[in-house]
Amino acid sequence: MRIIAGTARGRSIQAPAGRNTRPTLDRVRENLFNMLQTQIYGAAVLDLFAGSGALSLEALSRGADHAVLVDRDLKAHACEVQNLKNLGFTARASVFLCEWETAVRKLREMNEKFDLVFLDPPYQMNDLSGVFNALQPLIQEDGFIVCEHQAGHPPVVPSAFSSFRERSWGYCGVTFYRQVKEVIDEQLCDSGIL
């Protein structure tokens, strides 16, 4: 695998051995980031179920400000740390070795907010309602979630989110989600901003 574009263009990245992770293929990443190109620069990125970290590494190469990588697998964690070091991105990233629930709870306690969330859970994990609900307070008002899934089988998500773009390449599908405006307004009212 390699970084497609940006400051680390053409540099190789490691993927964990075994079947516990499913790295996003180079051509899928290239097409995905072509769709995202105007939203990456300066963004705060959360990469949940990060695996090798390929998506957040690509985002950092293209000018994302900071990335948080989360995975519970020890081999994936070691790859993420090594990839960040090899590419010189360590200072612009945080890496969590834990279950997604633990990471999300910690990030909420830290009052973190993200412009872009990458979700690449195991394909058999098709009901992502709990994940999306937990992520709600972490997403900026104009932020969104990019979810990788089996082509033709988008995940189950709560009604507080709506899909606004979907593409597929072979067996891999990607769907973009944003929070429904009424939900954002309600959150702002609850927090005293509106």
Side-chain angles (χ1 to χ4, degrees), residues 1 3-6 13 15 21-71 76 80 89 92-94 96 100 103-104 107 112-123 125-181 183-184:
M1 292 196 318
I3 298 295
I4 307 298
I13 54 176
T21 59
R22 184 193 64 253
T24 304
L25 299 174
D26 287 357
R27 78 178 169 91
V28 173
R29 259 186 304 120
E30 183 171 12
N31 286 315
L32 173 59
F33 277 89
N34 285 342
M35 295 162 62
L36 287 171
Q37 59 187 343
T38 61
Q39 283 91 16
I40 297 297
Y41 190 81
V45 175
L46 173 60
D47 193 352
L48 217 52
F49 310 99
S52 65
L55 293 173
S56 48
L57 294 167
E58 188 74 43
L60 289 168
S61 179
R62 294 173 184 241
D65 187 55
H66 185 81
V68 175
L69 294 75
V70 178
D71 206 290
E80 293 162 6
F89 293 156
R92 294 169 49 208
S94 304
F96 287 72
W100 70 266
V104 167
L107 292 167
E112 292 283 353
K113 291 281 189 180
F114 298 94
D115 304 294
L116 177 59
V117 178
F118 290 118
L119 288 183
D120 189 6
Y123 281 175
M125 188 176 169
N126 195 50
D127 187 344
L128 297 181
S129 299
V131 179
F132 274 67
N133 283 331
L135 286 171
Q136 260 184 297
L138 295 177
I139 301 171
Q140 294 282 14
E141 183 178 346
D142 58 349
F144 57 95
I145 296 174
V146 177
C147 184
E148 188 174 327
H149 53 81
Q150 186 176 353
H153 299 278
V156 176
V157 303
S159 59
F161 289 85
S162 63
S163 63
F164 64 95
R165 185 180 289 175
E166 186 172 346
R167 297 285 187 279
S168 60
W169 304 275
Y171 70 88
C172 176
V174 173
T175 304
F176 290 52
Y177 297 91
R178 65 167 56 104
Q179 291 188 76
V180 176
K181 172 113 174 63
V183 174
I184 295 170

Apply side-chain contact (heavy atoms from CB on, under 4.5 Å) to N126 and list each qualifying residue two or more places apart in sequence or on a separate chain. P155, V156
R27 CZ to I4 CD1 distance, which is reported to the nearest 0.5 Å: 11.5 Å
Solution key, residues 161-169 side-chain donor-acceptor pairs under 3.5 Å, sequence neighbours excluded:
| from | atom 1 | to | atom 2 | distance (Å) |
| --- | --- | --- | --- | --- |
| R165 | NH1 | M35 | O | 3.3 |

Determine the sole option in F144, F33, F49 for which the ring pair (Phe, Tyr, Trp, His ring centres under 6.0 Å) test with F118 is passed. F33
Any chance you could measure Q140, atom CD, to L116, atom CG, to the nearest 0.5 Å? 11.5 Å
Minimal non-hydrogen separation, Q136 against A160, with atom names: NE2-CB, 3.6 Å
For A103, check side-chain contact (heavy atoms from CB on, under 4.5 Å) against everything at least two apart and list the hits. V70, F96, C98
Donor-acceptor contact below 3.5 Å, side chain D115 vs main chain A44: yes
pair P121-V131: side-chain heavy atoms closer than 4.5 Å: no
Using 0.5 Å steps for rounding, measure from the CG atom of L60 to the CD1 atom of I40. 9.5 Å
Going by the angle between their ring planes, with limits at 30° and 60°, are Y177 and F132 parallel, tilted or perpendicular? perpendicular
Roughly how far, to the nearest 0.5 Å, is the SG atom of C172 from the CD atom of Q150? 10.0 Å
Applying side chain to side chain donor-acceptor pair (under 3.5 Å), can you list everything that pairs with D127, at least two apart in sequence or on another chain? S129
Looking at L48, V45, L46, which hits side-chain contact (heavy atoms from CB on, under 4.5 Å) with V68? L46
Separation between CG (D142) and CD (Q179), nearest 0.5 Å, reads 11.0 Å
Test item: L55 and V146 side chains (from C-beta on) under 4.5 Å apart, heavy atoms: no
Can you name the salt bridge (Lys or Arg N to Asp or Glu O under 4.0 Å) partners of E58, sequence neighbours left out? R29, R62
Only pairs at least two apart or in different chains count here, so list each side-chain hydrogen bond (donor to acceptor under 3.5 Å, both in side chains) that has a residue in residues 39-49. D47-S56
Please find the pair of heavy atoms, one from V104 and one from A134, that lie closest to each other, and give the distance. CG1-O, 3.5 Å
Tell me, with the steps shown, if L135 and F114 meet side-chain contact (heavy atoms from CB on, under 4.5 Å). CA-CA 10 Å; L135 286 171; F114 298 94; over 6 Å; no
For E148, the option from L119, D120, T175 that meets side-chain contact (heavy atoms from CB on, under 4.5 Å): D120
Closest heavy-atom pair, M1 versus A15, reported as atoms and distance to 0.1 Å, is CE-CB, 3.9 Å
